[in-house]
Amino acid sequence: MFQKVIIIGVGLIGSSLGMNIIEKGLAEEVVGIGRDVKNLKLAKKRRAIHSYVNVGAIHELPLRELTKNDLVILA
């Protein structure tokens, strides 16, 4: 089991992975990172992620969000 999973890109593939991770209890926390707040909110509503971080562009990704986790998924 993972403590924290980061999913960068919570679209169709990222959301599907997040839903499966949460459904199967494979992680205590799943965090979505993306540019579109609308998609991130929808993913949270559908239980694909527990929380999210909105970034304007991938190069602005806060590095502190990528530390202290067990798995990073680029989707």
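FYI, the numbering just counts along the sequence from 1.
Linking ILVMFWY residues whenever their side-chain heavy atoms come closer than 4.5 Å, directly or via other members, leaves I49 and L74 in distinct clusters. L17 is connected to V10 through a chain of hydrophobic side-chain contacts under 4.5 Å among Ile, Leu, Val, Met, Phe, Trp and Tyr, so both are in one cluster.
Across all their heavy atoms, G34 and N54 have their closest contact at O-OD1, 3.2 Å. For the residue pair S15 and A48, the shortest heavy atom distance occurs at O-CB, 3.5 Å.
Distance check, rounded to the nearest 0.5 Å: CD of Q3 to CG of D70 gives 6.0 Å.
Counting only heavy atoms from C-beta outward, the side chains of H50 and I22 approach each other to under 4.5 Å.
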Side chain to side chain contact (heavy atoms under 4.5 Å, CB included) evaluation trace for V72 with I8: CA-CA 7 Å; V72 175; I8 302 173; 3.9 Å; yes
Side chain to side chain contact (heavy atoms under 4.5 Å, CB included) evaluation trace for I73 with I21: CA-CA 12 Å; I73 299 171; I21 290 168; 3.9 Å; yes
Review item, side-chain donor-acceptor pairs of residues 37-46, under 3.5 Å, at least two apart:
none

What donor-acceptor contacts under 3.5 angstrom involve side-chain atoms of residues 23-33, with partners at least two apart or in another chain?
none

